[in-house]
Asks: 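I have a structure I would like to understand better, so I am pasting it below and will then ask my questions one at a time.
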Amino acid sequence: MKSLFDRAGTSRRHLLGLATLGVLAPFAAAQPAGFPNRPVRIVVPYPTGGTNDVVARLLAQKLQEAWDQPVIVDNRAGAAGNIGSAEVARATPDGYTLLLTGINIVSMNPALIKTMPFDPQQAFAPISLLGTTSLALVVHPSVPADSVQKLVELARRQPGKISYASSGTGSPQHLLAEMFKAVTRTDLLHVPYKGAAPAVNDLLGGQVQMTVGIVNQLLPHIRSGKLIALAVTGRKRQANLPDVPTFDERGIAGFESEMWLALAAPAGTAPAVVEMLNAAVHKAMLQPDVQGKLAAQGVDVLVSTPEQMRQRGVDDLRRWSEVIRAAHINVE
């Protein structure tokens with residue numbers, strides 16, 4: 001999957017140049033008088049310490065400096081991100097309650113969960129993408145495969161024998177592994193866990209053979225040699241794993257996939273407020289120190305227009321719905 005601005009023909013450098021030249025000035029001109037004049041809350045629908053939380057806190061710090069108003073990060077975890085998201089969907093659409101959202105909530109949960117408490121395409125006003133991150137396919141050192149090709153060959157010789165861990169049924173790790181199975185025409189055994197930590201612990205112990213996980217969570221074990229990284233899912237190599245190839249480099253076409261994060265407001269938020277927030281997000285996320293800190297976390301900064309964010313969600317919902325239907329995955 002190409003990044004959004006690669007598809008749209010606009011580079012991050014070009015976007016920064018536009019801002020410098022004042023082409024984004026209409027956003028600033030549309031700023032509502034006196035906004036914000038009280039604290040702004042960013043709801044993160046996941047626990048503290050994860051990638052979503054790190055991105056939200058960096059963004060909050062920069063917005064607080066720009067606005068001279070408190071910007072509070074509020075972690076409301078549960079139900080695969082739906083609890084915190086539903087709270088924002090019900091909030092007053094005035095720009096003072098925002099949601100750190102992403103591909104899980106917008107493009108995976110609606111295809112997985114029959115009784116969603118809200119429609120992500122209707123309940124929120126997109127503001128901007130914030131960044132993307134790749135995942136890595138890793139195996140336990142006992143697996144006799146030091147490349148994706150050898151893993152595929154091994155799996156085809158032993159259908160159903162190689163097991164992979166995920167942080168739960170319907171999790172991104174589960175869906176990506178199922179897409180890997182479909183693309184490579186292999187049969188792997190899914191072993192779901194209640195969270196990433198127990199999944200990785202059993203992988204380290206050799207109880208399961210592989211997983212497709214978030215690079216930042218796996219990096220210490222990769223560097224120590226306790227896990228072997230065979231490929232990353234993005235369109236390019238990760239800066240913190242420069243020696244690990246992409247799937248495309250290894251001849252596995254159709255497996256490019258990036259997890260993305262974004263900022264949204266409740267539906268009905270005034271367009272002028274959305275435009276002002278979009279401009280503020282761009283300015284914050286494109287600062288070199290923010291990009292550097294997020295790169296260390298395996299996150300590539302990527303900002304967008306509200307419409308580009310909306311379209312990204314629609315496109316990925318279509319893609320993941322096909323994967324979920326083909327794999328017969330159901331989450332109550």
Side-chain angles (χ1 to χ4, degrees), residues 1-2 103-104 107-108 111-112 132-193 196 199-200 202-204 206-219 221-222 227-238 241 244-260 298 315-331:
M1 180 185 298
K2 294 183 178 180
I103 188 172
N104 309 46
S107 303
M108 292 179 172
L112 283 165
T132 63
T133 184
S134 297
L135 287 84
L137 188 156
V138 297
V139 297
H140 188 268
S142 63
V143 177
D146 59 3
S147 69
V148 175
Q149 294 93 328
K150 291 182 180 179
L151 177 64
V152 170
E153 292 169 3
L154 181 65
R156 288 175 178 171
R157 289 197 305 268
Q158 303 176 10
K161 299 296 184 181
I162 296 178
S163 59
Y164 73 89
S166 81
S167 59
T169 299
S171 65
Q173 295 92 331
H174 180 201
L175 299 187
L176 281 160
E178 288 298 323
M179 186 164 70
F180 175 77
K181 286 170 55 178
V183 168
T184 59
R185 301 186 303 279
T186 52
D187 181 12
L188 305 171
L189 176 64
H190 179 213
V191 183
Y193 290 82
V200 172
D202 269 14
L203 177 58
L204 291 169
Q207 283 86 359
V208 287
Q209 283 73 56
M210 61 172 279
T211 193
V212 182
I214 297 172
V215 170
N216 194 43
Q217 295 174 344
L218 300 171
L219 195 57
H221 309 302
I222 295 170
L227 296 176
I228 309 299
L230 302 185
V232 293
T233 64
R235 64 183 180 87
K236 64 180 183 179
R237 296 193 182 198
Q238 288 281 109
L241 282 177
V244 179
T246 65
F247 279 88
D248 189 60
E249 286 180 286
R250 285 294 181 249
I252 309 294
F255 194 65
E256 286 187 9
S257 184
E258 295 171 328
M259 308 301 291
W260 50 265
D315 292 345
D316 280 349
L317 176 59
R318 185 181 304 113
R319 183 186 195 198
W320 289 110
S321 294
E322 292 173 359
V323 172
I324 289 162
R325 281 195 299 269
H328 306 291
I329 300 171
N330 294 300
V331 177

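Bear in mind the structure is a predicted one, so any value in this text is a computation, not a measurement.
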Asks: Where do Leu203 and Met210 come nearest, in terms of heavy atoms and distance?
Replies: CD1-N, 3.5 Å
Asks: Measure the CD1-CD distance between Ile214 and Gln173 for me, rounded to the nearest 0.5 Å.
Replies: 5.5 Å
Asks: Could you report the tightest heavy-atom contact between Phe247 and Val232, atom names first, then the distance?
Replies: CD1-O, 3.2 Å
Asks: Could you walk me through whether Asp315 and Arg318 pass the salt bridge (Lys or Arg N to Asp or Glu O under 4.0 Å) test, one step at a time?
Replies: CA-CA 5 Å; Asp315 292 345; Arg318 185 181 304 113; 3.4 Å; yes
Asks: Before giving the answer on side-chain contact (heavy atoms from CB on, under 4.5 Å), spell out for Thr211 and Val200 the whole-Å C-alpha distance, their side-chain angles and the decisive distance to 0.1 Å.
Replies: CA-CA 8 Å; Thr211 193; Val200 172; 5.5 Å; no
Asks: Can you tell me how far apart CG (Leu151) and CG (Leu230) are? Round to the nearest 0.5 Å.
Replies: 6.0 Å
Asks: Provide the closest heavy-atom pair for Ser107 versus Trp320 in the form atom of the first, atom of the second, distance.
Replies: O-CB, 3.6 Å
Asks: What's the spacing between Phe180 CZ and Thr233 OG1 if we round to 0.5 Å?
Replies: 12.0 Å
Asks: If we ignore hydrogens and angles and just use 3.5 Å, is the side chain of Glu178 paired with the main-chain N or O of Ile324 as donor and acceptor?
Replies: no
Asks: Which distance, rounded to the nearest 0.5 Å, do you find between the CG of Leu137 and the CD1 of Ile228?
Replies: 12.0 Å
Asks: Which atom names give the shortest non-hydrogen contact between Met259 and Leu135, and what distance separates them?
Replies: CG-CD1, 3.0 Å
Asks: Roughly how far, to the nearest 0.5 Å, is CG of Leu176 from OG of Ser166?
Replies: 10.5 Å
Asks: Can you list the residues that meet the ring-ring contact (aromatic ring centres under 6.0 Å, His included) rule with His190, with sequence neighbours excluded?
Replies: Tyr164, His174
Asks: Start with the C-alpha gap between Thr246 and Glu256, add the side-chain angles, then the distance that decides, and say whether side-chain contact (heavy atoms from CB on, under 4.5 Å) holds.
Replies: CA-CA 8 Å; Thr246 65; Glu256 286 187 9; over 6 Å; no
Asks: Only counting residues at least two apart or in another chain, list the ones meeting side-chain hydrogen bond (donor to acceptor under 3.5 Å, both in side chains) with Thr133.
Replies: none
Asks: Between Lys161 and Gln209, does the side-chain contact (heavy atoms from CB on, under 4.5 Å) criterion hold? Intermediate values first, please.
Replies: CA-CA 10 Å; Lys161 299 296 184 181; Gln209 283 73 56; over 6 Å; no
Asks: For Ala229 versus Val244, what's the shortest heavy-atom pair and its separation?
Replies: CB-CG2, 3.9 Å
Asks: So, the side chain of Arg156 versus the backbone of Thr184: is there a donor-acceptor pair under 3.5 Å, distance only?
Replies: yes
Asks: Assess whether side-chain contact (heavy atoms from CB on, under 4.5 Å) is satisfied between Met108 and Ile103, documenting all intermediate values.
Replies: CA-CA 6 Å; Met108 292 179 172; Ile103 188 172; 4.2 Å; yes
Asks: To the closest 0.5 Å, what do you measure between CG (Leu227) and CG (Leu219)?
Replies: 11.0 Å
Asks: Give a yes or no on whether the backbone of Val208 and the side-chain of Ser163 come within a donor-acceptor separation of less than 3.5 Å.
Replies: no
Asks: Restricting to non-hydrogen atoms, name the atom on Gln217 and the atom on Ala196 that form the minimum distance, rounded to 0.1 Å.
Replies: OE1-CB, 3.7 Å
